[in-house]
Amino acid sequence: MLDAVVVGAGPNGLTAAVELARRGFSVAVFEARDTVGGGARTEELTLPGFRHDPCSAAHPLGINSPAFRALPLERYGLEWLHAELPMAHPFTDGSAAVLSRSVAETAASFGPRDAGAYRRLVEPFLPKWDTLVRDFMSLPLTSLPRDPVTLARFGLVGLPPSTWLTSRFRDERAKTLFAGLVGHVMAPLNGFATGAIGLVFALAAHARGWPVARGGSQSISDALAAYLKDLGGEIHTDYEVKRLDDLPPARAYVFDTSPTALAKIAGFGNHYESFRYGAGVFKIDYALDGPVPWTAKEARTAGTVQIGADSTEIGNALRAASRENRAPDRPFMITVQPSVIDPTRAPAGKQVFWAYGHVPSGWTGDLTDALERQLERFAPGFRDRVLARATAGPPQLAARNANYVGGDIGTGAVSGLQILLRPKLSLSPYGTPHPAVFICSSATPPGPGVHGMSGHNAAKAVWRRLRQS
Ligand SMILES: Cc1cc2nc3c(=O)[nH]c(=O)nc-3n(C[C@H](O)[C@H](O)[C@H](O)COP(=O)(O)OP(=O)(O)OC[C@H]3O[C@@H](n4cnc5c(N)ncnc54)[C@H](O)[C@@H]3O)c2cc1C
């Protein structure tokens, strides 16, 4: 009998498996797709030699993850690559606000009236970042906070809506960049704890940057999988689990799946009925015949570029997709340009380019034209650079990965109390109605992103249980 079986080889499933194997437990992973990776993968989606990331591309949470930092992933081929600027947010006048590793450079890009306010916002947290991120990503507390005072101060600033936080800025530049940061998890700007979302992304940039993985995001998953195999773990691909009976006997079962899928597989009835899924995304992977012709020079050297003319436009786009059930006319976009730093991703002189905007859950339309009209506002001539594009709306995303229900790339809305309390109100969110069955996907705290912390926290719950039995 195995000690643990993990269903799903996404970053959280693989991290949970590694953490258990490192502690001497026997582990096997079962993955529906023919390769490991879930939302951290790389594929030739357009033309030969163009290596695209269909899901995650920029990794502020990955490089800052206490779980990943404790694993020897570099030894297994993971190399973080940093662009000159982690992120730029261009404006229609050809200028840009930036999120730089340097607080001073970032503050200066907001203009003289907001530079001081920005410094006062982030500087108190930066010296304590490593402890704060560990405490924050272990919420609800899987271990006692190491620095409860800083965590409480962070809560005071972050738990109110982001619009409260940005009211300390007087000009649009800082407000807009910050609204875009909140948009990375698709939350409406006036939602509970959205200030914390923006603040985490900003602090992550100052602490360690927003890198891409050399060769593509697949190298994160491949490093986790190679380490797991070295520890004696097994990985079975092309193995979709439909019932608990499909799995070998084990002392614990850990699901890197949506709560809905888990309830079906394990026969938990309506246990997760109150769990809400969020809006979807419409993703485009581009093969380009050269760099994106950004008007703003800062955008040409940034790993990530946010697109949204001002905070009102961004707020409208997020509200349209998440509250009004319609595709936005002017979508807020997140774009990543790995080729700025990684020549291995495309043939010489060519580039891969990654972009998405938000759409309602399950939306079946085509957002390509609206997204490219947005790009043309900030990079005139963009369309002329396109050699090929691969598009994926909610139905395609959900078909590729069952966790992206309705195209929701967070596996569960990151809004309201579900930001913190997911998949349901419980002191042990990784436990389920069955004492030997656990859930470790991004439907559990700390939520979406390639950081492995849900897997790490769930593994703790599993090994406590295995030690007792
Ligand atoms: C378009 C897009 C862009 C993104 N951008 C970023 C980004 O830039 N940075 C970032 O940090 N994050 C990003 N994310 C989010 C990130 O990819 C996810 O939050 C992360 O992958 C979640 O990890 P996970 O292990 O919980 O689940 P997943 O990565 O979704 O993995 C779940 C795995 O379980 C498998 N599975 C599901 N059901 C079964 C079953 N019944 N039997 C067997 N296997 C099963 C799936 O095939 C999958 O491999 C993005 C996601 C998408 C889709």
Side-chain angles (χ1 to χ4, degrees), residues 5-17 29-41 52-65 68 87 184-186 201 204 210-213 217 220-221 224-225 235-244 246-247 253-262 264-266 280-285 303-304 334-336 338 354-358 390-394 396-405 407-412 414 422 439-456 458:
V5 157
V6 176
V7 176
N12 283 314
L14 289 171
T15 304
V29 178
F30 292 84
E31 163 57 45
R33 292 284 305 270
D34 56 355
T35 52
V36 300
R41 57 173 62 252
H52 301 278
D53 293 329
C55 307
S56 82
H59 296 101
L61 302 177
I63 194 171
N64 281 286
S65 158
F68 285 179
M87 195 269 277
H184 284 247
V185 294
M186 244 181 288
F201 281 117
W210 285 26
V212 298
S217 302
I220 306 171
S221 309
L224 285 164
I235 300 177
H236 305 271
T237 50
D238 267 325
Y239 198 112
E240 186 186 351
V241 176
K242 295 191 171 136
R243 295 182 308 273
L244 276 186
D246 294 339
L247 295 167
Y253 296 89
V254 190
F255 281 81
D256 185 12
T257 66
S258 73
T260 314
L262 168 59
K264 223 162 134 192
I265 293 166
V281 309
F282 192 94
K283 171 82 194 307
I284 309 187
D285 286 291
T304 298
I334 300 170
T335 72
V336 180
W354 176 109
Y356 75 73
H358 303 104
T391 61
Q396 293 78 25
L397 290 167
R400 277 191 214 151
N401 183 339
N403 285 28
Y404 302 142
V405 177
D408 171 7
I409 67 174
T411 312
V414 187
R422 47 199 292 131
I439 179 165
C440 74
S441 69
S442 59
T444 63
V450 173
H451 45 63
M453 282 302 289
S454 301
H456 168 88

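Each ligand, and each atom within it, is numbered from 1 in the order the structure gives. Everything quoted here is computed from the prediction, not taken from an experiment.
Using modelled atom types, one side-chain atom of Asp256 and one backbone atom of Gly10 make a donor-acceptor pair closer than 3.5 Å. Judged purely by atom type and a 3.5 angstrom limit, Ser221 uses its side chain to pair as donor or acceptor with the backbone of Ala40. No donor-acceptor distance shorter than 3.5 angstrom exists from the side chain of Tyr404 to the backbone of Val281, with no hydrogens or angles considered. Within the 3.5 Å criterion, the main-chain N or O of Thr257 finds a donor-acceptor partner in the side chain of Ser441. Although no hydrogens or angles enter the test, the distance criterion places no donor-acceptor pair under 3.5 Å between the side chain of Ser442 and the main chain of Gly447.
The ligand atoms of ligand 1 that sit less than 4.0 angstrom from a heavy atom of Gly38 are 29 (O), 31 (O), 48 (C), 49 (O). For ligand 1, the atoms closer than 4.0 angstrom to any heavy atom of Ser441 are 26 (O). Numbered from 1 in the order shown, with element, the atoms of ligand 1 that lie under 4.0 Å from a heavy atom of Val7 read 40 (C), 42 (N), 43 (C). When each atom of ligand 1 is checked for a heavy atom of Ser442 under 4.0 Å away, the hits are 22 (C), 26 (O).
Neither the backbone nor the side chain of Thr411 comes within contact range of ligand 1; no heavy atom lies under 4.0 Å. Only the backbone of Phe30 comes within 4.0 Å of ligand 1, counting heavy atoms alone; no side-chain atom from C-beta on gets that close. Under 4.0 angstrom from ligand 1, the non-hydrogen atoms of Val450 come from both its backbone and its side chain. When heavy-atom distances to ligand 1 are checked against a 4.0 Å cut-off, Ile265 comes that close only through its side chain, counted from C-beta outward. When non-hydrogen atoms are compared, ligand 1 lies under 4.0 Å from the side chain of Trp354 (C-beta onward) but not from its backbone.
Between Trp210 and His184, the ring planes lie perpendicular to each other; the angle is over 60°, past the 30° to 60° tilted range.
Using a 4.0 Å cutoff on heavy atoms, Pro11 counts as a contact of ligand 1. Not a single heavy atom of Thr304 sits less than 4.0 Å from an atom of ligand 1. Heavy-atom separations between Pro54 and ligand 1 include at least one value shorter than 4.0 Å. The closest approach between a heavy atom of Phe255 and any atom of ligand 1 is not below 4.0 Å.
Not one N or O of Lys283 is nearer than 3.5 Å to an N or O of ligand 1, by distance alone.
Test Ile284, Ile409, Thr335, Leu397 against Tyr356 for side-chain contact (heavy atoms from CB on, under 4.5 Å) and you get one pass: Ile409.
For atom 35 (C) of ligand 1, the closest heavy atom belonging to the protein is Glu31 OE1, 3.3 Å. Summary of contacts: the protein heavy atom closest to atom 2 (C) of ligand 1 is Cys55 CA, 3.5 Å. Among protein heavy atoms, the minimum distance from atom 24 (P) of ligand 1 is reached at Asp256 OD1, 3.3 Å. Given atom 9 (N) of ligand 1, the protein heavy atom at minimum distance is Ala58 O, 2.8 Å. The shortest contact between atom 44 (N) of ligand 1 and any protein heavy atom is with Ala32 N, 3.0 Å. Looking only at heavy atoms of the protein, atom 19 (O) of ligand 1 is closest to Gly449 N, 2.7 Å. Ranking protein heavy atoms by distance to atom 37 (C) of ligand 1, first place goes to Asn403 OD1, 3.2 Å. Closest to atom 38 (N) of ligand 1, if we only count protein heavy atoms, is Thr257 CG2, 3.6 Å.
Checked against side-chain hydrogen bond (donor to acceptor under 3.5 Å, both in side chains), Thr35 has the following partners two or more places apart in sequence or in another chain: Arg41. By the side-chain hydrogen bond (donor to acceptor under 3.5 Å, both in side chains) test, His451 pairs with no residue at all, sequence neighbours left out.
Comparing Ser56, Ala57, Gly410 against atom 13 (C) of ligand 1, the shortest heavy-atom distance belongs to Ser56. For atom 21 (O) of ligand 1, the choice among Gly280, Pro448, Gly39, Gly10 with the nearest heavy atom turns out to be Gly39. Evaluated by nearest non-hydrogen atom to atom 51 (C) of ligand 1, the leading choice among Val241, Leu397, Ile409 is Ile409.
Side-chain contact annotation: Asp53 with Ser217, donor-acceptor N/O pair under 3.5 Å present.
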